[in-house]
Amino acid sequence: MIIRITDQPIDVQELIAEVSNESNGGIVAFLGVVRRWNDSPNGSPREVYWLEYEAYREAAEEIMREIAQQIEEKWAITSIAIAHRIGHLEIGEAAVGIAVGAPHRVEAFDACEYAIDTLKATAPIWKKEAWERDHQTGQSWVENKAPL
Amino acid sequence: MIIRITDQPIDVQELIAEVSNESNGGIVAFLGVVRRWNDSPNGSPREVYWLEYEAYREAAEEIMREIAQQIEEKWAITSIAIAHRIGHLEIGEAAVGIAVGAPHRVEAFDACEYAIDTLKATAPIWKKEAWERDHQTGQSWVENKAPL
Amino acid sequence: MKVKLRFFASWREIVGEEEIEWSLGDSQNVEGLVTELIAKYPRLIGTALNSLVMVNRRYTDRQATLRSGDEVAFIPPVGGG
Amino acid sequence: MKVKLRFFASWREIVGEEEIEWSLGDSQNVEGLVTELIAKYPRLIGTALNSLVMVNRRYTDRQATLRSGDEVAFIPPVGGG
């Protein structure tokens with residue numbers, strides 16, 4: 001199991017390899033990537049220049065371990081890898097990578113989606129966004145939308 | 001867009017790169033992998049030695065293109081890559097790889113799962129399984145279970 | 001009237017060919033063609049009952065009329081993925 | 001009684017530190033500590049209302065009693081992923 005906060009680029013191949021074994025017929029991987037256009041607080045999109053991620057590292061890793069444990073309890077899945085990057089990220093770079101392997105694909109999809117939803121809602125990780133809109137620039141802490 | 005039947009190993013990194021662009025914040029990839037233990041027709045597991053995949057190649061690629069088109073209609077997603085391998089596969093090798101990129105992750109998960117479900121139900125691709133159980137060996141065409 | 005037949009998986013193994021030209025007898029549709037094939041390859045009966053048919057790479061029903069030059073493929077239960 | 005405080009994101013920017021030792025006044029719980037901090041750093045008011053608190057790396061409520069040596073962290077709305 002990989003549970004990692006890192007300032008290095010996320011290697012999805014490594015995450016997938018970690019959850020691959022003879023019993024797992026389905027592997028689902030998720031990458032959360034910095035995109036150029038993001039919604040501003042009033043809903044209209046603004047251009048993003050870069051993001052700066054910071055984490056309460058020990059607590060975030062503990063939360064990620066708890067997510068892995070919940071997934072084991074819910075789906076009996078133990079093949080899971082979660083890596084979150086911190087520091088300066090440019091457009092197109094992955095901030096988070098998750099891979100889940102399971103005997104059958106339905107559980108792998110469900111568990112992977114559960115992992116990213118729960119991580120985004122609970123892990124003590126923050127991002128500051130450098131943006132421009134209508135010739136105005138700024139830097140703002142961006143919070144995740146609450147799940148619907 | 002990658003739509004491909006191939007006798008070469010599936011390169012998930014290539015599929016992910018294909019669906020990565022500045023607008024896509026969520027990327028979901030699926031790999032369907034040959035596992036050592038598979039259910040026999042009576043439900044008990046049997047050991048698998050290898051699989052041999054064959055495809056009605058032109059028709060399968062056309063079905064895969066139709067899946068991509070349905071995904072575009074349902075979710076307005078155009079970043080999709082689907083590769084299916086044919087020929088001889090050993091335990092642990094990927095038979096199918098799918099990657100979907102979308103602005104937001106929910107759609108990427110839904111579209112990726114839709115793609116593999118629909119591919120498994122409709123693409124003219126077959127697999128022969130070489131197996132052993134209770135000191136008996138055999139080779140059988142294995143059909144996908146109907147969706148629940 | 002000639003059509004092209006494509007065989008895969010169990011069909012290919014029973015017929016022993018991947019692809020043949022077939023001169024239709026009196027049959028005008030897929031159902032008639034399948035009957036002609038079973039007459040020549042009786043072991044197809046079981047798998048034919050379970051199979052779908054594609055004409056020119058599209059799934060079709062067995063009442064579909066055939067035209068000269070059509071490519072007819074027999075699709076036993078699929079196992080991709 | 002001393003506790004260790006950890007600040008992140010907006011808290012870190014307002015306080016100007018990532019980590020400090022804090023000698024509790026009369027406060028015995030998280031709520032009292034937050035009040036003491038706001039007295040010293042008035043700009044925390046807004047973000048303090050929106051933030052959760054972890055004691056020793058676990059989310060806790062503001063009535064939680066503090067013990068000497070506890071690590072208290074303030075968690076403004078998260079933005080991971």
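The figures here come from the full heavy-atom set of this structure, side chains too, leaving out hydrogens, waters and symmetry mates. Within every chain, numbering begins at 1; the chains are lettered A, B, ... in the order of the sequence lines, protein sequences first and strands thereafter.
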Close side-chain approach of Asp117(A) and Arg105(B), heavy atoms under 4.5 Å: yes

Any heavy-atom pair between the side chains of Asn24(B) and Val33(A) that's under 4.5 Å? no

Evaluate whether atom CD of Glu90(A) has more than 12 neighbouring non-hydrogen atoms of other residues, nucleotides or ligands under 6.0 angstrom away. yes

Just verifying a value: how many Å separate Cys112(A) SG and Glu113(B) CD, rounded to the nearest 0.5 Å? 11.0 Å

Could you walk me through whether Glu22(A) and Arg35(B) pass the side-chain contact (heavy atoms from CB on, under 4.5 Å) check? CA-CA 5 Å; Glu22(A) 293 190 342; Arg35(B) 61 198 183 112; 6.0 Å; no

Do Val12(B) and Val12(A) make a side-chain contact, defined as non-hydrogen atoms from C-beta onward lying under 4.5 Å apart? no

Considering only heavy atoms, which portion of Ile98(A) lies under 4.5 Å from any heavy atom of chain B: side chain, backbone, both, or neither? neither

Heavy-atom pair of closest approach, residues Asp11(B) and Gln13(A): OD1-NE2, 4.5 Å

With rounding to the nearest 0.5 angstrom, report the CZ to CG distance, Arg36(B) to Asn21(A). 11.0 Å

Is Ser23(A) in contact with chain B via its backbone, its side chain, both, or neither, using a 4.5 Å heavy-atom distance? backbone

Taking the inter-plane angle between the rings of Phe30(B) and Phe109(A) on a 0 to 90° scale, is it parallel (under 30°), tilted (30 to 60°) or perpendicular (over 60°)? parallel

Quick check for you: among Gly101(A), Ala108(A), Ala94(A), Gly25(A), which has the greatest number of heavy-atom pairs under 4.5 Å with chain B? Gly25(A)

